[in-house]
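Notes to accompany the following structure.
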Amino acid sequence: MPEGHTIHRAAQQSLLLAGGDVVVASSPQGRFAASAARIDGARLLRVDAWGKHLFTSFDGGELLHVHLGLFGRFATHEQLPPPSPTESVRLRLVGSRAALDLSGPTICRLVDPAGRDGVVARLGPDPLRRDPGGGERFATRVLASRAPIGALLMNQTVVAGVGNVYRAEALFLESLHPERPGRTLSVEATAALWQRLVVLLRDGVRRGAIVTIDPALVERPSGALRRGGATGTRRGRPATWVYGQQHCRRCAAPVRSWELAGRRCYACEVCQPPVGLTG
DNA sequence: ATACCATGAACAG
DNA sequence: TGTTCCTGGTATC
């Protein structure tokens with residue numbers, strides 16, 4: 001499921017697996033058929049991720065803009081020929097080494113450079129892009145705002161690429177209550193929060209999954225470590241401190257969950273005391 | 001078979 | 001603030 005790490009990983013993967021290739025483009029679902037025809041036979045040149053937005057450029061000048069939304073996903077098939085696409089595959093790109101399937105995106109369209117620039121201009125700093133001024137721009141917005149920090153983190157004009165899981169986990173790890181107004185944070189706390197996002201998202205790209213809690217650090221009845229597979233990616237309890245949890249995995253207090261900025265928010269009010277909240 | 005839920009965001013009013 | 005769109009997995013009858 002997509003937050004910024006998913007998109008940056010998809011950018012890496014598609015460049016690795018299809019960069020430089022002439023691609024066969026199709027839209028098994030049909031909804032992107034006319035546009036796919038314009039990419040078909042073009043060479044995939046570059047892939048660029050900005051927050052949760054992905055831009056793929058082809059020679060001939062076509063530029064593909066993808067946003068996965070809540071349900072979208074990329075699938076890669078490194079064995080050719082790839083299996084038959086399912087009915088919901090919006091776009092399939094087949095290169096010489098792999099096939100890439102896109103399904104369920106909120107946005108999948110061809111844009112011109114001005115369209116791309118317009119999207120990027122509305123995005124805040126992305127913790128996954130090398131941007132020396134990113135932390136400063138983030139801090140400026142946070143420290144000037146009366147909005148809750150838990151809402152600011154979901155605002156893509158404040159910081160691009162953070163979603164509901166990283167919101168919950170970054171605030172937990174920084175001992176910040178989600179309802180604290182941005183301007184009640186200290187400069188130091190704001191800088192630490194930015195750095196936390198950088199580290200968490202980078203780790204998410206590396207793993208291909210959001211794992212914020214080391215499973216080995218969690219008490220287990222048997223004391224046995226899990227073996228095999230990527231920990232945290234199996235179904236069941238997510239590898240998180242508070243996101244989706246009933247109890248805090250650090251102190252075992254009940255995790256409170258409520259709606260904040262249109263999404264369910266999770267916090268341990270013992271580890272994240274509501275300091276400075278007037279109610 | 002149906003309902004509901006999920007790591008998102010645009011749009012209406 | 002509420003509605004809408006995108007898909008698939010799990011829960012509930």
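The figures here come from the full heavy-atom set of this structure, side chains too, leaving out hydrogens, waters and symmetry mates. In what follows, chains carry the letters A, B, and so on, assigned in the order in which the sequence lines appear, proteins first and then strands, with residues in each chain numbered from 1.
Nucleotides B:dA1 and C:dC6 have their C1' atoms positioned 22 Å apart, rounded to a whole Å. Comparing C:dC13 with B:dC5, their P atoms sit 13 Å apart, to the nearest whole Å. The same atom, P, is picked in B:dG13 and in C:dC5; the two are 14 Å apart, to the nearest Å.
For the salt bridge (charged side-chain N to carboxylate O under 4.0 Å, His left out) with A:Glu174, the qualifying choice from A:Arg180, A:Arg167, A:Arg196 is A:Arg196, the only one to do so. None of A:Glu87, A:Arg92, A:Arg90 except one satisfies the side-chain hydrogen bond (donor to acceptor under 3.5 Å, both in side chains) rule with A:Gln29; the exception is A:Arg90.
Using the six-membered ring where Trp is involved, A:Trp241 and A:Phe172 have ring planes that are parallel, under 30° apart on the 30 and 60° scheme. Aromatic ring orientation, A:His65 versus A:His53: parallel (interplanar angle below 30°, classes split at 30° and 60°).
Criterion: ILVMFWY side-chain heavy atoms under 4.5 Å apart, direct or through other members. Under it, A:Val159 and A:Leu185 are part of a common hydrophobic cluster. A:Leu16 and A:Val47 end up in different hydrophobic clusters when Ile, Leu, Val, Met, Phe, Trp and Tyr side chains are linked at under 4.5 Å.
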Inset, instruction - Evaluate side-chain contact (heavy atoms from CB on, under 4.5 Å) for A:Phe58 paired with A:Leu64, printing each intermediate quantity in order. - result: CA-CA 8 Å; A:Phe58 298 85; A:Leu64 174 69; 4.0 Å; yes
Legend entry - Trace of the side-chain contact (heavy atoms from CB on, under 4.5 Å) decision for A:Thr157 with A:Leu123: CA-CA 5 Å; A:Thr157 74; A:Leu123 296 175; over 6 Å; no
Legend entry - Trace of the side-chain contact (heavy atoms from CB on, under 4.5 Å) decision for A:Leu91 with A:Ser27: CA-CA 5 Å; A:Leu91 172 64; A:Ser27 180; 5.6 Å; no
Legend entry - Worked verdict on A:Trp50 versus A:Gln156 for side chain to side chain donor-acceptor pair (under 3.5 Å): CA-CA 10 Å; A:Trp50 288 88; A:Gln156 301 297 301; over 6 Å; no
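Taking 4.0 Å as the cut-off between side-chain N and carboxylate O, A:Arg116 and A:Asp112 do not count as a salt-bridged pair. A salt bridge is absent between A:Glu62 and A:Arg43: the closest approach of a Lys/Arg side-chain nitrogen to an acidic carboxylate oxygen does not fall below 4.0 angstrom. Salt bridge annotation for A:Asp101-A:Arg73: absent, with no cationic side-chain nitrogen under 4.0 angstrom from a carboxylate oxygen. The pair A:Lys52-A:Asp126 does not count as a salt bridge, with every side-chain nitrogen at least 4.0 angstrom from each carboxylate oxygen.
Applying a 4.0 Å cut-off to non-hydrogen atoms, none of the residues of residues 193-203 of chain A approaches DNA chain C. Taking every heavy atom of residues 23-31 of chain A and every atom of DNA chain C, pairs under 4.0 Å involve A:Gln29, A:Arg31, by number. Using a 4.0 Å cut-off on heavy atoms, the residues of residues 159-177 of chain A that approach DNA chain B are A:Gly163, A:Asn164, A:Val165, listed by number. Proximity of residues 67-74 of chain A to DNA chain B (heavy atom under 4.0 angstrom from any strand atom) is restricted to A:His67, A:Gly69, A:Leu70, A:Phe71.
Comparing A:His5 and A:Ile107 against DNA chain B, the residue whose closest nucleotide sits nearer the 5' end is A:His5.
The ring pair (Phe, Tyr, Trp, His ring centres under 6.0 Å) pairs that include a residue from residues 181-200 of chain A are A:Phe138-A:Trp194, where partners are two or more places apart or lie in different chains.
Not a single donor-acceptor pair under 3.5 Å links the side chain of A:Arg109 to the backbone N or O of A:Val66.
Taking the 5' to 3' direction, DNA chain B first and last meets chain A under 4.0 angstrom from a heavy atom at B:dA6 to B:dA9.
In this entry the distance linking CZ of A:Arg263 with P of C:dT1 reads 16 Å, nearest Å.
Counting any heavy atom pair closer than 4.0 Å across all strands shown, A:Ser88 reaches sugar-phosphate atoms only and no base atom.
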